[in-house]
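As structure tokens, the structure follows; a few thoughts come after it.
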Amino acid sequence: MEQSAISEPETRSEPVKERSDPSIIDRSVRIPVLIFLASGVFWLVVASGFWLLASSQIHTPAAWWTFPGVAWLSFGRAYPAFLNCFVYGWATCAGIGVGIWLLARFSRVPLRDPLFPILSAATWNIGIAVGVLSVLAGATTGKQMLEFPSYVAFIVLLAFVIVGVWALTIFWARKPGPTYVSQWYILGAFFWFSWMYATANILLNVASAPGPAQPAIGWWYIGSLIDLWLTPIALGTAYYLIPKLVGRPIYSYKLALFGFWSLALLGGWTGMAHLIGGPLPAWMITASIVARVLMIFPVLAVAANFHLTMTGKFEDLHWSPALRFAVIGAMAYTAYGFEGSLISTRTIAQITQFTFVTFGHAQLGLFGFYSMILFGAFYYIVPRLLDRRWLSPGFITAHFWLSVVGIGLLLFDLTMGGLIQGFGLQDPQVSMSAVSDLLWPFLLIQNFAVLLLVLANLAFAVAFALILLISAPVKQRSAVIEASADASEKIAPEVSIA
Amino acid sequence: MNKLTGLFFGVFLLFGLSWLALAAYPYITFAGLQQNKDEATGALAPPGNPGTADQGARVYAANGCFYCHSQYVRDKNEGSDIDRKWGKRRTVARDYMFDRAVFLGTSRLGADLTNAGDRQTDPQWFYRVLYNPRATTPESVMPAYRWLFRTQEIQGQPSANAVKLEGTDTPSPGHEVVPTAEGKALVDYLLSLKKNYPLPEAPEPTE
């Protein structure tokens, strides 16, 4: 039973006529993909440390662990160190790794020149390390999510462009055949990220944008980063994993198309809904609110498509950890989309803006949606890359439940605390310190929820280290892996679009 | 191949729209902002920042002040900012035209600082809060920023900017706590935060 709990479901298939052995493709991308995935796990662990530190400092500001004399361990530096490690270290490394693996799978040709992505991964890691050290040293730009100084941003961009161009060549070299919506999402994401990251860093940190333009560009960037980099990577992954693991094609081709194009249209406009009432022209903010509210349509399209694909197959969740993570992540995306639309309306934003509701929302997106789907992808991809099995069902189960309970508790706690904070801030009779007083228990629970998530991340890291370092290679590619791989080539994992 | 070309154009054009409107357009248009000249008094608004403020803004950024403090005032019908006396009027784009670094912020765990230099004009108040926030407000959740200060032996006369500390924070006899260059720059910056001058596009709300 232990073994079956951690192996993917088997799908019977007839021999495929034109065979391109996926294991050969896997072997050709093994090193670059593994480097990106391992880097992601490493930065996830580093991020967890800073996350736990920052979240324990915020409720007890006079405690010794706030390190009042040690600048680099203070909240104001630990918190951005966490966010940057998490987004550019974990989320982006993992996203690149999974993205190039998927592109290689879809292209059905073994890769050439793996030196380029390896070089890119090395450069990327240097960039993140220097960037995080700069944040800790106080050499930051003071722009949220763009804290890295411009020379670090240059290194990071260079690394990304190398792997991005290389990813494009994978796509170019693909075997003739249908293209899939996953490929669209991933290629789009690679393209959009290079563009947004270059623009934001050049305009803000090199060409020193005029003061009032800074928040506009900064929030254009953050909105795009979430909706046109992280979201398409995770959706592209889920569009591969879910149909593949339940062994049937995606329900609707038209819905998938609609979801992709509406996201592409709206994604760049969502950021400034965080600045309702802010010092920018009213049309910019109104356009962003409209975009955020309309975002409900791509969210619904994706949710409906996944749900209808899964209908009657929900018992598969029991068998496959990859599917379990991916499906929870997809559900979190629906919740995230709904909440995002709600808290962007002017009426509700009056209460929730500036409060922990927005922090809970961001975590729901970053952890509940993005990271969960990427975890699922790890559980699916890593055994195929290494020809090994996950060693430790205990760690995987712990990872899953700690993640689900942790993010649920964090969301509930920050939303409740944030609403109380929001109603407090709304009433000028309630002093700021009275608001902090009301918040205190919620900040304490938040610390506990973060602890659960940190433990989840550690369980994941241990499971990853075990399969990487200890698990013995499967001598012959096991029947299960082989069969499911064959099946995957036969059953269209998603809609063909071109 | 047609559909793929369509894909690339679509992906490019759709994002390009937001790029034009929300990145390129603000970059160009806000560079052309002009000060407002008061007809009656001839006063220019916004008046411009003292030269010391830029260095302090870097200290503000380095220590992540903007993760808990915002720097903009919403109009009366959009929140309680004006009732909380965080500003007399909402802030508009022109208010930030001289700021090298703008920290609007997204969290209000602490008070809004748009007009911090109007509310408190005494540098000592800021020094005491930065050294030990709980000395002035016992419930404060703000961290202490001790690395912006140093304790030194008093040479002759006590320094003019020695921080007046009480209780357990009092330095040992013959010693004093003075702000470092960074600490002084930060407080200079906070004192420079004043956006209560009148602007025609943001009239003070009438009750």
Side-chain angles (χ1 to χ4, degrees), chain A residues 57-58 61-62 66 68-71 74-77 79-80 138-142 144 179 184 188 191-192 195 199 203 208-217 220 224 228 261 264-265 268-269 272 274-281 284 350 354 358 425-428 432-433 436-437 497-498, chain B residues 3-4 7 10-11 14-15 17-19 21-23 26-27 30-31 33 57-58 60-67 70 72 74-75 78-80 83-84 90-104 106-111 133-134 137 139-147:
Chain A
Q57 289 173 330
I58 201 168
T66 60
V70 191
S74 63
F75 176 82
R77 298 190 188 182
Y79 178 68
T140 65
T141 63
Q144 283 180 69
T179 52
W184 292 39
F191 173 74
W192 288 321
W195 189 353
T199 297
L203 292 190
S208 46
Q214 291 174 16
I217 299 166
W220 167 78
S224 309
L228 292 179
W261 286 114
L265 172 69
W269 291 84
M272 263 170 261
H274 290 268
L275 289 180
I276 296 176
L280 286 169
M284 285 188 190
Q350 266 196 28
F354 304 114
T358 59
L425 288 173
Q426 185 75 348
D427 181 354
M432 288 303 284
S433 42
S436 331
D437 260 5
I497 308 200
Chain B
K3 281 196 177 167
L4 281 181
L7 166 73
V11 156
L14 289 180
F15 189 52
L17 277 178
S18 78
W19 180 84
L22 302 180
Y27 184 85
F30 288 140
L33 286 174
R58 276 197 285 277
Y60 189 87
N63 295 297
C65 306
F66 59 94
Y67 296 109
S70 60
Y72 64 99
R74 293 175 295 175
D75 212 350
E78 305 215 60
S80 67
D83 292 328
R84 279 189 179 272
R90 67 165 301 186
T91 50
V92 291
R94 190 140 62 151
D95 283 312
Y96 302 86
M97 61 181 284
F98 289 115
D99 297 359
R100 290 278 299 279
V102 174
F103 307 104
L104 292 192
T106 48
S107 168
R108 280 181 174 166
L109 196 53
R134 259 105 8 234
T137 315
E139 311 85 8
S140 171
V141 287
M142 185 171 132
Y145 294 86
R146 296 286 161 86
W147 60 90

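Below, chain A is the first sequence line, B the second, and so on; all start at residue 1.
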Smallest separation among heavy atoms of B/E78 and A/Q350, with atom names
O-CG, 3.4 Å
Looking at every non-hydrogen atom in both residues, tell me the closest pair between B/E139 and A/S436 and how far apart they are.
O-CB, 4.4 Å
Measure centre to centre between the rings of A/W220 and B/F15, then say whether the value is under 6.0 Å.
yes
Do A/F354 and B/Y72 have ring centroids that are under 6.0 Å from one another?
yes
Which atoms of [X] are under 4.5 Å from chain A, going by heavy atoms: the side chain, the backbone, both sets, or neither?
X: B/R90; answer: side chain
X: B/V11; answer: both
X: B/Y27; answer: both
X: B/T106; answer: both
X: B/D95; answer: neither
X: B/L104; answer: side chain
X: B/S140; answer: backbone

Honestly, the part of A/L228 sitting under 4.5 Å from a heavy atom of chain B is side chain
Side chain, backbone, both or neither: which part of A/Q426 has an atom under 4.5 Å from a heavy atom of chain B?
both
Just so I know, are the side chains of B/F30 and A/I217 near enough to count as touching, which here means a heavy-atom distance under 4.5 Å?
no
Could you tell me whether a side-chain N or O of A/Q57 sits under 3.5 Å from a main-chain N or O of B/P143, the two making a donor and an acceptor?
no
Are the side chain of A/R77 and the backbone of B/N63 linked by a donor-acceptor contact shorter than 3.5 Å?
no
Using a 4.5 angstrom heavy-atom cutoff, name the option from B/A111, B/P133, B/S80 with the most pairs to chain A.
B/S80
Residues that B/R94 engages under salt bridge (Lys or Arg N to Asp or Glu O under 4.0 Å), provided they are two or more places apart
B/E201
Across all chains, not counting sequence neighbours, the salt bridge (Lys or Arg N to Asp or Glu O under 4.0 Å) partners of B/R74 are B/D81
To the closest 0.5 Å, what do you measure between [atom1] ([X]) and [atom2] ([Y])?
X: A/L203; Y: B/W19; atom1: CG; atom2: CH2; result: 7.5 Å
X: A/Q144; Y: B/Y67; atom1: CD; atom2: OH; result: 6.0 Å
X: B/L14; Y: A/W192; atom1: CG; atom2: CH2; result: 7.5 Å
X: B/L109; Y: A/M432; atom1: CG; atom2: CE; result: 7.0 Å
X: A/Y79; Y: B/S107; atom1: OH; atom2: OG; result: 8.0 Å
X: A/T140; Y: B/R58; atom1: OG1; atom2: CZ; result: 11.0 Å

